[in-house]
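Before any comments, here is the structure.
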Amino acid sequence: MSKIRTRFAPSPTGKMHVGNLRTALYEYLIAKHENGTFVLRIEDTDQERFVPEALDIIYNTMKLTGLNHDEGPDKDGGYGPYVQSERMKSGMYLEYAKELVEKGEAYYCFCTRERLESLRASSTTEDGKEIAKYDKHCLNLSKEEVEANLKAGMPYVIRQNNPVSGTTTFHDAIYGDITVENEELDDMILIKADGYPTYNFANVVDDHLMGITHVVRGNEYLSSAPKYNRLYEAFGWEVPEYVHCPIITDENHKKLAKRSGHASVEDLLGQGFLPETIVNFVALLGWSPSEDREIYSLKELEEVFDYHHISKSPAVFDITKAKWMNGEYIKAMDMERFLEYALPVIRETVKKEYDLTKIAELVKTRIEVFPDIKEKIDFFDELPEYDVAMYTHKKMKTNSENSLEVLQEMLPLLEEWEDYSIAGIESLCKEYIAKKELKNGRVLWPLRTAVSGKQMTPGGAYEIMEILGKEESLVRIRKGIEMLENA
RNA sequence: GGCUCCAUGGUCAAGCGGUUAAGACAUCGCCCUUUCACGGCGGUAACACGGGUUCAAAUCCCGUUGGAGUCACCA
C-alpha cells in the first residue's frame with residue numbers, strides 16, 4: 001500500500017473553528033499513525049473573504065497545538081506551491097477545466113447573475129417538486145457561439161456537466177456507500193468569472209496533484225461529495241478515501257457557530273483552556289479509543305488513533321466536560337509551567353506584596369480554567385465585608401460567642417509569635433487546641449473566617465496567615481473580634 | 001420543501017445476534033477534612049416508537065417519529 005498523505009486545507013478567512021481544528025487533528029493523526037505525510041495547503045481562492053491575519057492564526061494554532069505539518073508553504077516537499085493563489089498563476093486550474101470542456105464533462109456558461117437569480121426564484125414558486133439547480137441553459141450553446149462570446153470578452157464561468165439520469169455512488173470510510181440520483185446534481189461552477197477556481201474544483205485538482213490519499217472533512221460536505229466524485233471520474237483520476245466526520249454542535253444540537261462563545265480555538269484559549277486540553281477534548285468528540293481512558297497527549301493519540309472508530313452521529317461540544325478535562329491537565333502540570341499561566345491572572349487581582357507563588361500553589365487543584373483563580377483569591381488584597389453570622393458553623397460547633405472567645409485568646413498568642421510559616425502557625429494553634437481540648441474546627445474555623453472574610457477559601461487558616469504575614473493577620477483578627485463584640 | 005445523513009442516560013460514549021447494557025462529565029449522597037477543593041466510595045439516570053427476520057435483537061431489515069446537514073461565481 002502506498003504511503004498515506006493527508007492534508008489540512010483551511011481558507012484564511014478568520015478564526016480557527018474547532019470543527020476545523022478537529023478535522024486538522026484527524027488528518028494529522030491518520031497520517032502520523034501510519035508514518036504518513038501531513039500537508040498544509042492554503043485555500044485562498046476567495047478573494048473577498050480573504051483576511052491576511054488569518055494566515056498567522058492558522059500557523060500559530062497549528063504550532064500551539066503541535067499539529068506540525070511535513071509539507072506546506074513554508075516547507076516544500078516537492079508538491080508546491082502550497083498556496084492556491086500561487087498555484088493559480090500558472091493558469092493550471094483553467095487548463096484542467098478546459099480539459100473537461102473538451103471531454104464534454106464541463107462547459108462555458110455566460111449566464112448573468114440576474115438570470116440565475118430569477119431562475120432560482122421561479123424554481124421555488126413551483127410545487128416543491130422542482131430542484132433548485134442550474135438549468136444547463138448554456139450547454140446548448142454551439143461551439144461557434146461560445147467562441148464568439150469568448151472573443152467578445154463576455155464574462156464567463158465554467159461549469160461541471162453532470163448527467164441528468166442514472167445514479168452516482170461514492171464510498172465513505174465512516175458512512176459506507178452513498179448513492180444519489182444524478183438528477184439531483186447541480187452543475188457546479190469550476191472556474192469563477194474572476195478566473196479563480198472554486199473551492200470545489202481547486203480542492204479536487206490539488207488533492208490529486210499532491211497525491212492525497214485520505215480526504216478528511218466535516219460531514220457538511222457529504223451532500224456535495226458525489227459531485228467531487230464525478231470530477232475525479234471525469235478526469236480519470238483515482239478517488240481518494242473519503243472520511244467524513246460527524247459535525248460538532250452546540251448545546252442546542254446546532255452546528256457550532258461563533259455566537260456559542262466557544263466555537264474557535266481563540267475563544268477557548270481566551271477562556272483559559274490549555275492547548276493540550278483542546279486537542280484532547282476535540283479528539284474525543286466523535287471518536288473514542290478502544291481502551292477505557294480519556295486523557296491522551298497528542299503523541300499518545302498518534303499511537304492509538306484509528307479512524308475507523310469515528311462515529312456517525314453529531315457530538316455536542318460540552319463545555320462543562322471540557323473544563324473538567326482542563327482541570328485535570330492543570331492538576332498534572334508541573335509548577336513551573338503552571339506559574340506561567342497562573343501568575344499573570346494572580347497579578348491582576350493581588351496588587352499587594354504577597355508571595356504570589358504560594359497563592360498559586362493554593363489554587364492549583366481548585367480551578368478548571370485560569371480565570372477561575374480571580375474570585376478565589378480576591379480576599380488577599382482586601383478583607384471583604386462579611387457578616388458575623390459567618391462565624392456560626394453547625395458542623396464546626398462554632399457560634400459568635402465561642403468564636404469571640406477563641407479569637408480573644410489566640411490574639412495575644414499570635415502577637416507574641418514570630419514564626420508565621422505554615423508549620424509555625426500550626427504548632428501554635430495545635431498547642432492551644434490541645435490545651436483547651438477542643439476540636440480543630442472550633443478554633444480554625446473562626447481564625448480562617450476572620451482572616452479571609454469568606455465562606456470558602458483555597459487553603460485553610462495556616463496557609464492564608466502565612467501568606468498575609470503577621471501584621472495583616474493580626475489586623476484582620478482584631479477586626480473580627482471587634483465585629484463579634486459589637487454583634 | 002427536495003436530497004443526504006443520524007438516533008444507547010442531561011452530555012461524550014462502549015456495545016457489532018445471547019452482557020446484571022461498560023466508562024467519563026454533570027447531578028445526588030457518604031467518607032476524608034479547619035472551609036473549599038483534591039482524593040476515595042456509592043446512588044439516580046439510556047437502547048425514540050411500531051412492525052418484521054431469528055430459538056434469541058440495543059445490535060439485522062422496513063416503516064413512523066424526531067434531529068441534523070446541505071441546496072452560492074463561500075469554503
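Order of the sequence lines fixes the chain letters, A, B, ..., with proteins taken first and strands second; residue numbering starts at 1 for each chain.
The NZ-P distance, from A:Lys133 to B:rU70, rounds to 20 Å in whole Å. Counting to the nearest Å, the C1' atom of B:rU35 and the NZ atom of A:Lys397 are 16 Å from each other. Between the NE2 atom of A:His171 and the P atom of B:rC5 there is a distance of 14 Å, given to the nearest Å. One interatomic measurement links the two molecules: CD1 of A:Ile189 to P of B:rA72, which rounds to 10 Å at whole-angstrom precision. Distance CD (A:Glu291) to C1' (B:rG23): 12 Å, rounded to an integer number of Å. Distance CE (A:Met188) to C1' (B:rC71): 13 Å, rounded to an integer number of Å. Here B:rC6 presents its P atom at 14 Å from CD1 of A:Ile310, a figure rounded to the nearest Å. In this structure, NE2 of A:His309 is placed 19 Å from P of B:rG23, rounded to the nearest angstrom.
Proximity of A:Trp445 to the phosphate of B:rU34: no side-chain N or O atom is located under 4.0 Å from OP1 or OP2. One finds no side-chain N or O of A:Ser223 lying less than 4.0 angstrom from the OP1 or OP2 phosphate oxygen of B:rC71. Side-chain nitrogen and oxygen atoms of A:Thr45 include at least one within less than 4.0 Å of the OP1 or OP2 phosphate oxygen of B:rA75. One finds a side-chain N or O of A:Lys192 lying less than 4.0 angstrom from the OP1 or OP2 phosphate oxygen of B:rC74. For A:Lys439, no side-chain nitrogen or oxygen approaches OP1 or OP2 of B:rU34 to under 4.0 Å. The side chain of A:Ser311 places an N or O atom within less than 4.0 Å of a non-bridging phosphate oxygen (OP1 or OP2) of B:rA13.
Two residues are said to be in side-chain contact when any heavy atoms from C-beta on lie closer than 4.5 Å; A:Phe50 and A:Asp46 fail this criterion. Looking at A:Leu447 and A:Leu414, their side chains come closer than 4.5 Å, going by heavy atoms from C-beta outward.
Within a 6.0 Å sphere centred on CD of A:Glu437, other residues, nucleotides and ligands contribute 12 heavy atoms or fewer.
At the heavy-atom level, A:Lys255 lies under 4.0 Å from the strands shown only through sugar-phosphate atoms. When heavy atoms are screened at a 4.0 angstrom cut-off, A:Ser11 is found touching the sugar-phosphate backbone but no base atom. Counting non-hydrogen atoms under 4.0 angstrom, A:Ser224 reaches nothing in the nucleic acid. When heavy atoms are screened at a 4.0 angstrom cut-off, A:Ser452 is found touching no nucleic acid atom at all. Residue A:Phe317 is classed as having no contact, given no heavy-atom separation below 4.0 Å to the nucleic acid. As judged by a 4.0 angstrom heavy-atom cut-off over every strand, A:Lys331 is placed among residues touching the sugar-phosphate backbone only. Among the protein residues, A:Ala315 comes within range of the sugar-phosphate backbone only, with heavy atoms under 4.0 Å from sugar or phosphate atoms but none that close to a base. Among the atoms of the strands shown, base atoms are found under 4.0 Å from some heavy atom of A:Val157. Among the heavy atoms of the strands lying under 4.0 Å from A:Arg113 is at least one base atom, whether or not backbone atoms are also near. Nucleic acid contact for A:Asn200: base, since at least one base atom lies under 4.0 Å from a heavy atom of the residue. Across all strands shown, A:Gly441 has heavy atoms under 4.0 Å from sugar-phosphate atoms exclusively, and none from any base. No engagement by A:Ile367 is indicated, since no non-hydrogen atom pair under 4.0 Å with the nucleic acid exists. Nucleic acid contact for A:Gly286: sugar-phosphate only, since backbone atoms but no base atoms lie under 4.0 Å from a heavy atom of the residue. Residue contacts for A:Tyr221: at a heavy-atom cut-off of 4.0 Å it reaches a base atom on one of the strands shown.
Across all strands shown, B:rU70 is found opposite B:rG2 as a Watson-Crick or G-U wobble partner, with both distances under 3.5 Å. Across all strands shown, B:rC38 forms no Watson-Crick or G-U wobble pair with both distances under 3.5 Å. Base-pair partner of B:rG18: B:rC55 (Watson-Crick or G-U wobble, both distances under 3.5 Å). Nucleotide B:rU44 forms a pair with no other nucleotide shown, judged by Watson-Crick or G-U wobble geometry with both contacts under 3.5 Å. Searching all strands for a Watson-Crick or G-U wobble partner of B:rU65 with both distances below 3.5 Å returns B:rA7. Figure legend. B:rA75 is base-paired to no nucleotide; pairs are counted as Watson-Crick or G-U wobble with both atom distances under 3.5 Å. Across all strands shown, B:rU33 forms no Watson-Crick or G-U wobble pair with both distances under 3.5 Å.
The distance between the ring centers of A:Phe317 and A:His262 falls below 6.0 angstrom.
Taking the centre and axis of the six-membered ring of A:Trp445, the NZ or CZ atom of A:Arg448 falls inside the cone set by 45° and 6.0 Å.
Comparing the same atom, C1', in B:rG9 and in B:rG23 gives a spacing of 13 Å after rounding to whole Å. Taking atom C1' on both B:rG17 and B:rA21, the two are 14 Å apart, rounded to the nearest angstrom.
Tested against A:Asp187 for a salt bridge (charged side-chain N to carboxylate O under 4.0 Å, His left out), the candidates A:Lys136, A:Arg159, A:Arg230 yield a single pass: A:Lys136.
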Using salt bridge (charged side-chain N to carboxylate O under 4.0 Å, His left out), reason through A:Asp207 and A:Arg7 one step at a time and then give a plain yes or no. CA-CA 8 Å; A:Asp207 281 346; A:Arg7 112 265 111 144; 2.6 Å; yes
CA sep, side-chain torsions, deciding dist, call: A:Thr398, A:Met390, side-chain contact (heavy atoms from CB on, under 4.5 Å): CA-CA 10 Å; A:Thr398 62; A:Met390 223 183 267; over 6 Å; no
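Side chain of A:Glu294, nearest nucleotide from B:rA75, B:rG23, B:rU34: B:rG23.
For the pair A:Lys321 and A:Ile178, both in contact range of RNA chain B, the more 5′-proximal nearest nucleotide belongs to A:Ile178.
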